[in-house]
Amino acid sequence: MASNSTKSFLADAGYGEQELDANSALMELDKGLRSGKLGEQCEAVVRFPRLFQKYPFPILINSAFLKLADVFRVGNNFLRLCVLKVTQQSEKHLEKILNVDEFVKRIFSVIHSNDPVARAITLRMLGSLASIIPERKNAHHSIRQSLDSHDNVEVEAAVFAAANFSAQSKDFAIGICNKISEMIQGLATPVDLKLKLIPILQHMHHDAILASSARQLLQQLVTSYPSTKMVIVSLHTFTLLAASSLVDTPKQIQLLLQYLKNDPRKAVKRLAIQDLKLLASKTPHTWNRENIQALCECALQIPYDSLKLGMLSVLSTLSGTIAIKHYFSMAPGNVSSSPRSSDLVKLAQECCYHNNRGIAAHGVRVLTNITVSCQDKDLLALEQDAVFGLESLLVLCSQDDSPGAQATLKIALNCMVKLAKGRPHLSQSVVETLLTQLHGAQDAARILMCHCLAAIAMQLPVLGDGMLGDLTELYKVIGRSATDKQQELLVSLATVIFVASQKALSAEIKAVIKQQLESVSNGWTVYRIARQASRMGNHDMARELYQSLLTQVASEHFYFWLNSLKEFSHAEQCLTGLQEENYSSALSCIAESLKFYHKGIASLTAASTPLNPLSFQCEFVKLRIDLLQAFSQLICTCNSLKTSPPPAIATTIAMTLGNDLQRCGRISNQMKHSMEEFRSLASRYGDLYQASFDADSATLRNVELQQQSCLLISHAIEALILDPESASFQEYGSTAAAHADSEYERRMMSVYNHVLEEVESLNRKYTPVSYMHTACLCNAIIALLKVPLSFQRYFFQKLQSTSIKLALSPSPRNPAEPIAVQNNQQLALKVEGVVQHGSKPGLFRKIQSVCLNVSSTLQSKSGQDYKIPIDNMTNEMEQRVEPHNDYFSTQFLLNFAILGTHNITVESSVKDANGIVWKTGPRTTIFVKSLEDPYSQQIRLQQQQAQQPLQQQQQRNAYTRF
């Protein structure tokens, strides 16, 4: 996660602005607001959203909004409109306004203006603030009053505000429902106003009674006002209300189907289809067999392609959900229906070869989903129909490079991947079709087809060898122009070749790829291909490509980055020469690999910058280096059984010490150290996993596999040598059942299972330590290292970026300066934070809650040196808070009874939607100085003064006796 980055989230200056702290930036904008020129005032107002984005904490946002409220109160209507736009853009920051009463008071004063436009802007402003003032009765009253205004602008603003308040406030929704009902049914209300009032009813879902009354009103409207516009608005509001209240969804589906079937107007049919699709995606479980059957009958009878396309899109959405199983399993009379004879299948088969590409695509998708979902039925004919339909669609779209054809092709290719995964026996014919079409297709289609082939080869690696010949031939004859499509095609084809060739690349394939890349002047294409080679474990190819790019970059940071990648590829290439039973060559290979890894980590460190610290990459490589060193040390330890066998008296020593393992000599202690080292490495891999919140699932799985390798070796050491009696194999036996998503994972799983079987058989047959035990450990290491390491996407590219910024109050002006607090008082520490995202928030996982851990330790003690209860020495507290609009805050009460300087550490971690905790940071530290309170200090001084005469008297008595 990016929260440990040294880049301040305030440091992103825009619009050519100079870097300023929060107060200075606010003062600059305040100068603009106070300017006498309207243009400067407007410019200052519209720059506030940027300020909120850079400094998203309440103390600044509160001050800024109060200044904007002043501008709204005294400015003209254009300035008010600018403030309104700023408020709507900054909706997520509204709840950070601390003085809500004062802010609303300044805004609300304009509602009494004689200018209807000013009142209208104020109403829209109040509507935009509905989330923070949902129960303000004066706002409710003003909206109700303005609905009766004679000015159209003011009435429209009141409708906007009423819709926003209805969504937020149950009381307002109940109060306004009758008013809206009267206005809609009133003869004096213009039709265009009725059309604007009806959508407010979609928010009447706060309780069942309110929803029922709104539904009855909508039902009357649909019946009483049969005009097209009224029916469309009423039906759509009906649907949104049903989707929110959830109770009446089945009734709404029936109503929409009724209009779709009986209403002759195309606009109404289109609206019904659109709403049915919304309900199909939101609540597919509420669709019964009769609903789907009615939709199929409509689609079979409809003569218009555009409407048929819409109905099929609804059916294709439903076919990928639980509704399709309901359709085939819950036939009338509880008799399971045959998929081949159903109207749904008949419709899909009719549409597969339709001259409209969209209709054909949805027909094929329905057939594919039925084939994959209904695994328990005999669907040989349907399978053939699905394959033939996909083939015809592929032929049709691969020759056309228009956007519509490409979108249709994506649907067809997704269906091919799904079909190959769900019905593996069809995959061979699917791959052959793709390879046949690949030669004559357009470049845009070729790229998509390559992605499809790569996905199928990842799932079914057995098909990879059959692809290589065609792919290599195509790579030879591919065009050499420098267009973007050609460059993308080179990368896509190379990726499929890397996936298909499961072992090392042959010399012929390497030569073909290099020959094509030499004629390409685009270094970015070469880098992307090298990156894919590193991901697939083809490190020799990757090393040569990185080497060719070293002189083509303009920045030294890029040079060091590429140089580090070259060294890592070279290091991994050294491990390909490992051979079983040859332990001395294994040691030399590991030593050679470590040499290049150390060179690479030096380059990687030089490539990092404050803005891009490469923390994941550095930690991953350091762990790899430590793992290789641990493997090397374990092989040396195993060899020590030959070079330093147990002494003759080892058995006697073992009996004397009562430790049977001592009869093995010094190797027992060395093995114990090795086992602890591998467990420590596994723990560090676990920490890296927990710190990688933004990583994709393949990268996380890769880290997990490295951790499992460490645990496997530590378990093997324990089971073979240290504690063969209590070793359990059951917890490790489940690895075979896990589904592998990549060739690297499959090969690692195979090695794990093989090693576990060997260890278990040796554990039962022989007592430790024999040469067979050490040979088993060494062979396990060699088997693990022979699987080429995969550098996954997160090593090269971060698609999701999430960071947390914490602010503590009270906070000292100088970070090294402690905060003073009296020892008889508690410190209220307020922790505020904002969650910041990159361009794709929540791509892999989202933050559900933030866990804040506060701890304090005594740094230096002042005052008397008396015994202190351990409970008073430290504070340990933890709280979980859920961010709202990416903001959270909470408070801790800390006790500092001991005089001295205390160090307070606040550390944040996050929990995602699956309940997994991620140690993302950041970690913030402040110092507190605990001072003695004046009353205790006075009493202590009085006691000391009272004790002085007594001590002097005792001293005199002592002198007298002497």
Side-chain angles (χ1 to χ4, degrees), residues 438 443-455 457-458 471-472 474-476 478-501 505 509-555 557-570 572-573 600 604 607 612 614 616-617 695-696 698-699 702 742-744 788-800 839-840 843:
L438 201 56
D443 283 345
R446 281 175 170 179
I447 294 166
L448 296 174
M449 290 158 75
C450 285
H451 293 168
C452 179
L453 282 170
M458 290 281 273
L471 294 171
T472 312
L474 182 60
Y475 215 89
K476 286 178 186 175
I478 199 170
R480 298 187 178 183
S481 63
T483 61
D484 291 343
K485 292 292 182 189
Q486 287 279 325
Q487 303 292 314
E488 185 73 27
L489 182 55
L490 283 170
V491 177
S492 301
L493 262 178
T495 304
V496 184
I497 290 172
F498 292 148
V499 174
S501 54
L505 287 173
I509 294 175
K510 279 189 203 171
V512 170
I513 294 176
K514 281 186 205 165
Q515 184 181 352
Q516 277 288 23
L517 293 183
E518 281 170 6
S519 62
V520 175
S521 59
N522 193 337
W524 178 242
T525 301
V526 178
Y527 173 72
R528 289 176 67 194
I529 292 174
R531 197 169 65 182
Q532 292 290 3
S534 293
R535 184 175 156 221
M536 299 301 168
N538 296 308
H539 297 293
D540 51 344
M541 181 81 191
R543 181 179 69 85
E544 294 173 18
L545 295 179
Y546 290 134
Q547 177 71 50
S548 69
L549 288 171
L550 281 177
T551 56
Q552 297 184 31
V553 287
S555 159
H557 293 296
F558 293 152
Y559 170 82
F560 285 125
W561 167 247
L562 289 171
N563 191 53
S564 67
L565 293 176
K566 182 201 79 172
E567 298 293 352
F568 298 151
S569 299
H570 199 169
E572 287 299 325
Q573 189 185 348
L604 188 63
N612 188 20
L614 303 177
F616 173 83
Q617 291 87 338
D696 57 286
T699 303
N702 194 359
S742 67
E743 180 61 19
Y744 175 71
L789 180 67
S790 170
F791 290 95
Q792 289 292 340
R793 182 192 288 275
Y794 194 59
F795 195 87
F796 301 96
Q797 187 183 23
K798 183 190 286 190
L799 293 182
Q800 173 182 311
S839 58
K840 298 178 181 177
L843 180 64

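Atom CZ of F796 has more than 12 heavy atoms from other residues, nucleotides or ligands within 6.0 Å. When the shell of 6.0 Å around NZ of K485 is examined, it contains 12 or fewer heavy atoms from other residues, nucleotides or ligands.
The main-chain N or O of G600 is never found under 3.5 Å from a side-chain atom of H570 such that the two would form a donor-acceptor pair. The closest donor-acceptor contact from the side chain of S790 to the backbone of R535 lies under 3.5 Å.
A salt bridge between D540 and R543 is absent, with no side-chain N of the basic residue lying under 4.0 Å from a carboxylate O of the acidic one.
When every heavy atom of Q516 is checked against every heavy atom of L490, the shortest pair comes out as CB-CD2, 4.4 Å. Of all heavy-atom pairs spanning L549 and G523, the tightest one is CD2-O, 3.6 Å. Closest non-hydrogen pair, L438 versus L493, comes out as CD2-CD2, 4.5 Å. Y794 approaches Q617 most closely through the heavy-atom pair O-NE2, 3.9 Å. For the residue pair S534 and H539, the shortest heavy atom distance occurs at O-CE1, 3.8 Å. Shortest non-hydrogen contact noted between Y744 and N702 is CE2-OD1, 3.3 Å.
For W524 and Y527, the ring centers are positioned less than 6.0 Å apart.
Residues L604 and W561 have side chains in contact (heavy-atom distance under 4.5 Å, counting atoms from C-beta outward).
Put simply, CD on Q487 and CG on D484 are 7.5 Å apart, with the number rounded to the nearest 0.5 Å. To the nearest 0.5 Å, atom CG of residue L562 and atom CG of residue L550 are 6.0 Å apart. Between the CG atom of N522 and the CD atom of Q552 there is a distance of 9.5 Å, given to the nearest 0.5 Å. In this structure, CD1 on I513 lies 11.5 Å from CD on Q515, to the nearest 0.5 angstrom. Rounding to the nearest 0.5 angstrom, the gap separating the CD atom in E544 from the CG atom in L517 is 11.0 Å. Distance check, rounded to the nearest 0.5 Å: OG of S492 to CZ of R528 gives 7.0 Å.
Classified by interplanar angle (parallel below 30°, tilted 30° to 60°, perpendicular above 60°), the ring pair F568/F791 is parallel.
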Next item on the list: Could you give me the CA-CA distance, side-chain angles and deciding distance for R446 and E488, then say whether salt bridge (Lys or Arg N to Asp or Glu O under 4.0 Å) is met?
Entry: CA-CA 10 Å; R446 281 175 170 179; E488 185 73 27; over 6 Å; no
For residues 494-501, which side-chain donor-acceptor pairs fall under 3.5 Å, sequence neighbours excluded?
from, atom 1, to, atom 2, distance (Å)
T495, OG1, V491, O, 2.8
S501, OG, I497, O, 2.8

